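See below for the structure under consideration.
Side chains included, hydrogens not; waters and symmetry mates left out as well; all remaining heavy atoms used. Predicted model, so just to flag it, every value in this text is computed and none were measured.
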Amino acid sequence: MKIKKILFCALLAGISAYSFAQGSNETIMPKAPSNPVITEKYTADPAAIVYRDTVFLYVGHDQAPPRKNFYEMHEWLIYSSTDMVNWEERAAVNVKETFEWAADDAWAAEVIEKDGKFYWYVTVSHKDIHGKAIGIAVADSPVGPWKDALGKALITNDMTTDTEISWDDIDPTVFIDDDGSAHLFWGNTICYYAKLKDNMLELDGEIKQIPLPNFTEAPWVHKKGDNYYLSYAYQFPEKTAYAMSKSINGPWEYKGILNEVAGNSNTNHQAIIEFKGKDYFIYHNGSIPTDGGSFRRSVCVDYLYYNPDGTMKRVIMTSEGVNQAE
């Protein structure tokens, strides 16, 4: 009885404190951790753009059931935020409904804007050509509606034959340089790149390779100041490493590890953006308690910092995440 009385008194005290806080517009509950930033669905392979004071986030939707230990992804999801903390789901884009020539697999993809149009470079499995392929969807808005821009794949497995694997044509990323030229990077075990024509839909020249230490997949290219940065998934389980250059065409100088193995996820996939004066590192881990892991991942956001010489500081992954951008 004494224990029950103590518990009852504690409950009353808690209710009174909450009521007092409500009346005084104060909050007594601690701030909840904000990583992952999306918890209602499993999300992975983030890519992001900043457009008109809004961040648009493009992710794959991990849909594998709890006991399945492989990737099951049939659609991409689009989220937006004006403060990097509160995210709104804006659209879901199904592979088969968008690309008739694709078998399935909504693997890593990236959107980029040029001249008021939005180009979505995606990884899918091809119906007729064995292996992964890269397609392009186009829209007049960062959230769609999206349509197949080519009616066929831009890159297929038979175009890259220097490795025996059938999944080396994955994880496309596009960078538009200061002169307006667009460049496509992609790959697994080999980092490929090629220039794109002005229409963003055709290759403008041969496919080349970039020698990078322990390159696995997930290239991402960005520029800050006079420096170009090529970050990528390194070894397996994956860390994130990066190289730097003074030109989009290289040569690239390896600089080291940027992010450690991300929680209980074997993969590590990053997007890097600047928004409202701060730099952000967007990635995924497997930290959602309900069956999260390597095949049911979750997108997180932490700050990114640069050293005076332009190199990047190692990312510190946190459960708190970032503050609201103002």
Side-chain angles (χ1 to χ4, degrees), residues 30-48 56-81 84-99 102-110 120 122-127 131-133 165-167 170-171 188-189 216-218 233-240 259-271 281-302 315 317-322:
K31 182 180 181 294
S34 54
N35 267 335
V37 295
I38 299 164
T39 56
E40 69 275 10
K41 293 180 179 179
Y42 296 114
T43 55
D45 301 332
F56 292 91
L57 177 66
Y58 304 87
V59 298
H61 183 192
D62 274 342
Q63 297 168 280
R67 288 175 294 278
K68 180 178 179 180
N69 290 324
F70 196 69
Y71 304 104
E72 184 173 334
M73 309 172 77
H74 308 294
E75 64 181 7
W76 301 278
L77 304 175
I78 304 173
Y79 292 83
S80 68
S81 176
M84 298 302 293
V85 172
N86 297 290
W87 294 89
E88 176 188 359
E89 184 177 341
R90 303 292 299 276
V93 182
N94 182 273
V95 172
K96 292 182 178 180
E97 292 175 0
T98 309
F99 302 98
D104 212 341
D105 297 334
W107 282 22
E110 184 187 328
W120 199 346
V122 304
T123 305
V124 296
S125 291
H126 202 288
K127 278 184 179 178
K132 298 298 181 185
I165 64 174
S166 62
W167 58 92
I170 66 172
D171 297 0
N188 181 290
T189 66
T216 303
E217 57 189 0
Y234 174 100
Q235 297 182 327
F236 194 86
E238 294 172 354
K239 302 177 182 180
T240 301
N259 189 39
E260 296 290 349
V261 175
N264 61 341
S265 171
N266 286 330
T267 58
N268 212 326
H269 195 114
Q270 76 293 349
F281 186 83
I282 308 171
Y283 61 102
H284 66 231
N285 61 22
S287 65
I288 294 179
T290 53
D291 301 309
S294 292
F295 309 105
R296 288 164 293 276
R297 295 160 291 181
S298 46
V299 168
C300 301
V301 181
D302 277 300
V315 172
M317 295 178 284
T318 70
S319 58
E320 293 81 9
V322 298

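- Nearest heavy atoms, A48 versus I282: CB-CD1, 3.8 Å.
- Put simply, the side chain of T123 gets close to the backbone of D171: a donor and an acceptor are under 3.5 Å apart.
- D104 and S125 form no side-chain donor-acceptor contact under 3.5 Å, judged by distance and modelled atom types alone.
- A donor-acceptor pair shorter than 3.5 Å cannot be found between the side chains of S294 and N69.
- At a threshold of 4.5 Å between non-hydrogen side-chain atoms, the residues W120 and V93 count as touching.
- Considering every non-hydrogen atom in both N264 and G286, the closest pair reads OD1-O, 2.6 Å.
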N188 and I165: CA distance, side-chain angles, deciding distance, side-chain contact (heavy atoms from CB on, under 4.5 Å) verdict: CA-CA 9 Å; N188 181 290; I165 64 174; 3.4 Å; yes
Derivation of the side chain to side chain donor-acceptor pair (under 3.5 Å) call for T267 and R297: CA-CA 9 Å; T267 58; R297 295 160 291 181; 3.1 Å; yes
Step-by-step side-chain contact (heavy atoms from CB on, under 4.5 Å) determination, T43 to L77: CA-CA 8 Å; T43 55; L77 304 175; 4.2 Å; yes
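- Shortest non-hydrogen contact noted between P46 and H284 is CD-ND1, 4.0 Å.
- E260 contributes no side-chain N or O that, together with a main-chain N or O of T240, makes up a donor-acceptor pair within less than 3.5 Å.
- In this structure a side-chain-to-backbone donor-acceptor pair under 3.5 Å is missing from S319 to N35.
- At a threshold of 4.5 Å between non-hydrogen side-chain atoms, the residues K41 and E89 count as touching.
- Annotation: the span from L57 atom CG to W76 atom CH2 amounts to 15.0 Å, rounded to 0.5 Å.
- Distance check: F295 CZ to N266 CG gives 6.0 Å after rounding to the nearest 0.5 Å.
- A donor-acceptor pair under 3.5 Å is formed between the side chain of S81 and the backbone N or O of N86.
- Atom OH of Y234 and atom OG1 of T216 lie 9.0 Å apart (nearest 0.5 Å).
- Using a 4.5 Å heavy-atom threshold, the side chains of P36 and I288 count as touching.
- With rounding to the nearest 0.5 angstrom, the CD atom of E72 is 10.0 Å from the CZ atom of R296.
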Side chain to side chain donor-acceptor pair (under 3.5 Å) evaluation trace for S265 with N285: CA-CA 5 Å; S265 171; N285 61 22; over 6 Å; no
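- When all heavy atoms of A109 and A47 are compared, the pair lying nearest together is O-CB, 3.3 Å.
- Between V301 and F281, every side-chain heavy-atom pair lies at or beyond the 4.5 Å cut-off.
- The closest side-chain donor-acceptor pair between E238 and N268, if any, does not fall under 3.5 angstrom.
- Remark: E75 CD to Q63 CD distance equals 4.5 Å, nearest 0.5 Å.
- The distance from the SG atom of C300 to the OH atom of Y283 is 4.5 Å, given to the nearest 0.5 Å.
- Here the side chains of D105 and H74 are not in contact, with every heavy-atom distance at 4.5 Å or above.
- Nearest heavy-atom pair across K96 and A103 is CE-O, 2.6 Å.
- Between the side chains of K132 and S166, no donor-acceptor pair of N or O atoms lies under 3.5 Å.
- Put simply, the side chain of F56 reaches to within 4.5 Å of the side chain of R90, judged on heavy atoms.
- Under the 4.5 Å side-chain criterion, counting only non-hydrogen atoms from C-beta, M73 is in contact with W107.
- For the pair E40 and I38, the minimum side-chain heavy-atom distance is below 4.5 Å.
- In plain terms, the two heavy atoms of D302 and V315 that are nearest each other are CB-CG1, 4.4 Å.
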